[in-house]
Amino acid sequence: MSKDQTIGEALRARGVSRRGFLKFCAATASMMALPPSMVPMIAEALEKARRPSVIWLSFQECTGCTESLTRSHSPTVEGLIFDTISLDYHHTLMAASGTHAEAARKAAMKENEGKYILVVDGSIPTKDPAFSTIAGISNVDMLQEVAAGAAAIVSVGTCAAFGGIPHAKPNPTGAMPVSELVKDKPIINVPGCPPIPVVITGVLAQYLTFGAIPELDELGRPLAFYGKSIHDRCYRRPFYDKGLFAETFDDEGAKKGWCLYKLGCKGPITYNACATTKWNEGTSFPIESGHPCLGCSEPDFWDGGGFYKAISTPTADISRTAVFAIGAGAAAGVALGALNRAKKKRLEKEHKKVGVDDLEKGG
Amino acid sequence: MNTPTPAGCNAEPGNVATGNVIPLLHEIRHALQALLDDGQETVIDLRSIPLGPGEEARIEAQLGRGEVQVQLTALGPSELVETRFPGVWLVTHCNNDGEVIGKFVEICAIPSLVTAQTADIRAGLVELNAQLN
């Protein structure tokens with residue numbers, strides 16, 4: 001496929017009819033959480049858009065983000081979008097290795113200076129460059145070298161967006177997200193552990209369609225996918241509003257599909273598209289399978305005090321979590337009234353505030 | 001640590017309702033009225049609406065199947081079914097593996113995908129010319 005081809009031409013070269021292209025655009029609009037009325041505009045823009053060069057760097061990561069994207073059964077819409085970009089460097093997926101792979105990266109950077117999209121998965125170790133290197137180059141150096149010529153950066157996964165699991169306490173490698181190391185480029189955070197594959201390609205499609213980065217929230221996440229909390233779009237929300245909760249994983253409430261808030265669901269403080277986009281080709285999402293949301297698209301989700309602890313009850317290390325949770329509870333409103341107020345007050349009392357004096361005592 | 005058994009796997013679908021089915025049917029009713037009055041077409045993306053297990057099936061059951069069913073094969077199969085309410089179509093797009101990649105309710109005389117597209121007509125003519133020459 002020529003790099004000069006438009007996306008419309010690339011799809012036609014693959015034998016996709018105009019009807020098929022319009023179907024592709026309808027599915028893309030749905031994927032981008034855009035109204036169906038925008039399909040003609042998307043069709044016109046995608047028809048003319050040039051295939052962008054993409055350089056994908058993997059740092060401290062588990063490859064789950066790449067797996068999420070590439071393990072979907074092809075050909076999917078996200079697969080087609082992924083196929084129409086010019087993926088010039090991805091050391092896990094590319095056939096070349098060693099000096100040939102690095103030469104491909106350098107060539108793509110030179111040829112597309114100022115125009116390529118840099119995708120990063122994984123956090124970047126800063127305590128010692130030797131913790132993670134590629135071709136003998138430290139992750140920090142490679143990130144800064146490639147970021148310098150990028151038009152925009154997409155931080156895929158919670159590790160690249162917020163530090164993720166490598167950043168979890170005690171953060172032995174000094175892991176940092178991309179946004180703490182690169183300050184002069186537009187950065188789109190696409191967190192999730194892993195992110196939903198259509199969200200990854202939806203962001204790329206949005207960039208291709210509109211030629212600009214999408215509208216972002218205060219954490220740099222595209223509002224189209226991260227604008228609503230899991231809780232707001234959860235089909236179990238009516239049970240929350242009625243104060244009907246599963247108390248254990250095998251009680252009557254659990255069997256009836258009641259709200260999982262008391263079993264540690266982080267849906268009220270987690271912003272992601274799982275409840276509508278769903279997983280495994282739209283089959284379901286964790287709450288639909290009976291498991292609380294872990295909050296994996298939020299910063300520091302690994303240090304949140306326990307996956308099965310309700311967000312409004314204290315855990316071992318949680319002065320911060322409790323304050324956060326009470327705020328979220330107040331915002332979410334209705335169901336807290338249904339919780340046992342006496343128990344809540346007692347738990348709040350048990351929280352000892354830690355002041356500067358206490359910290360200075362070292363104890 | 002004991003691995004907890006997922007809650008709600010055996011939940012009865014009838015017990016889990018978002019309450020979105022009836023409002024959606026009202027939205028379709030208003031759209032159908034707008035089609036009749038002003039010729040205004042509407043497309044509703046079912047994937048953008050939170051629905052509990054079984055609710056999508058309930059919507060489909062309420063809409064039923066009417067006189068026209070169109071099978072389309074372009075980037076995988078699609079089915080465009082006129083519901084028992086003429087002018088209300090249920091459009092389901094699948095990929096080549098039969099997985100649903102989009103589901104829409106279209107309120108229009110006929111979904112635009114059914115009509116032959118100019119670019120495809122042009123390509124077809126080229127092909128027919130080649131076949132005859």
Side-chain angles (χ1 to χ4, degrees), chain A residues 11-12 16-24 26-31 33-37 39 72-80 198 232-239 246 248-251 253-258 260 263 275-278 281-284 286-292 308, chain B residues 1-20 41-55 72-76 78 91 93-106 111-124:
Chain A
L11 289 172
R12 270 196 296 281
V16 176
S17 68
R18 180 72 188 171
R19 256 202 201 101
F21 179 65
L22 291 174
K23 172 176 164 176
F24 166 80
T28 302
S30 178
M31 184 175 79
L34 292 173
S37 57
V39 170
S72 51
H73 302 285
S74 61
T76 56
V77 175
E78 59 267 31
L80 271 173
V198 295
D232 283 343
R233 293 188 159 203
C234 181
Y235 72 97
R236 296 192 191 217
R237 173 70 189 259
F239 293 119
T248 67
F249 281 96
D250 56 358
D251 68 4
K255 286 174 187 162
K256 287 180 174 169
W258 289 356
L260 302 172
L263 290 173
T276 45
T277 303
K278 303 191 177 177
E281 286 81 44
T283 304
S284 65
I287 293 171
E288 196 169 338
S289 302
H291 196 281
Y308 302 104
Chain B
M1 182 179 142
N2 292 330
T3 307
T5 306
C9 279
N10 300 317
E12 295 167 31
N15 290 333
V16 184
T18 59
N20 283 336
E41 298 183 347
T42 305
V43 183
I44 299 167
D45 182 354
L46 284 181
R47 288 257 168 121
S48 68
I49 300 165
L51 293 171
E55 284 193 314
L72 183 76
T73 308
L75 275 184
S78 294
V91 178
H93 294 312
C94 299
N95 62 20
N96 284 328
D97 291 334
E99 290 149 3
V100 176
I101 57 171
K103 200 165 218 178
F104 306 89
V105 175
E106 293 198 26
S112 59
L113 268 190
V114 178
T115 58
Q117 307 292 313
T118 307
D120 293 339
I121 295 171
R122 197 171 290 126

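Within every chain, numbering begins at 1; the chains are lettered A, B, ... in the order of the sequence lines, protein sequences first and strands thereafter. Only heavy atoms go into these numbers, but all of them, side chains included; no hydrogens, no water, no symmetry mates.
A:Phe21 contributes atom CZ, which lies 10.5 Å from atom CG of B:Leu75 (distance to the nearest 0.5 angstrom).
Checked by atom type and distance alone, the side chain of A:Arg19 pairs as donor or acceptor with a backbone atom of B:Leu113 at under 3.5 Å. Here the side chain of A:Lys23 pairs a donor or acceptor atom with the backbone of B:Cys94 at under 3.5 angstrom. For the pair B:Asp45 (side chain) and A:Pro36 (backbone), a donor-acceptor distance under 3.5 Å is absent.
Of the listed residues (B:Thr115, B:Thr73, B:Thr118), the greatest number of heavy-atom pairs within a distance under 4.5 Å of chain A belongs to B:Thr115.
Residues satisfying the side-chain contact (heavy atoms from CB on, under 4.5 Å) test with B:Thr42, not counting sequence neighbours, are B:Ala31, B:Gln40, B:Ile44, B:Ile107. With sequence neighbours excluded, no residue forms a side-chain hydrogen bond (donor to acceptor under 3.5 Å, both in side chains) with B:Arg47.
Looking at B:Leu72, the atoms closer than 4.5 Å to chain A (heavy atoms on both sides) all sit in the side chain, from C-beta outward. Heavy-atom distances place both the backbone and the side chain of B:Ala116 under 4.5 Å from chain A. Within the 4.5 angstrom heavy-atom criterion, no atom of B:Ser112 approaches chain A. With a threshold of 4.5 angstrom between heavy atoms, B:Val91 does not approach chain A through any atom at all.
Side-chain contact between B:Ile49 and A:Thr276: absent, with no pair of heavy atoms (C-beta onward) separated by less than 4.5 Å. Side-chain contact between A:Ser17 and B:Gln117: absent, with no pair of heavy atoms (C-beta onward) separated by less than 4.5 Å.
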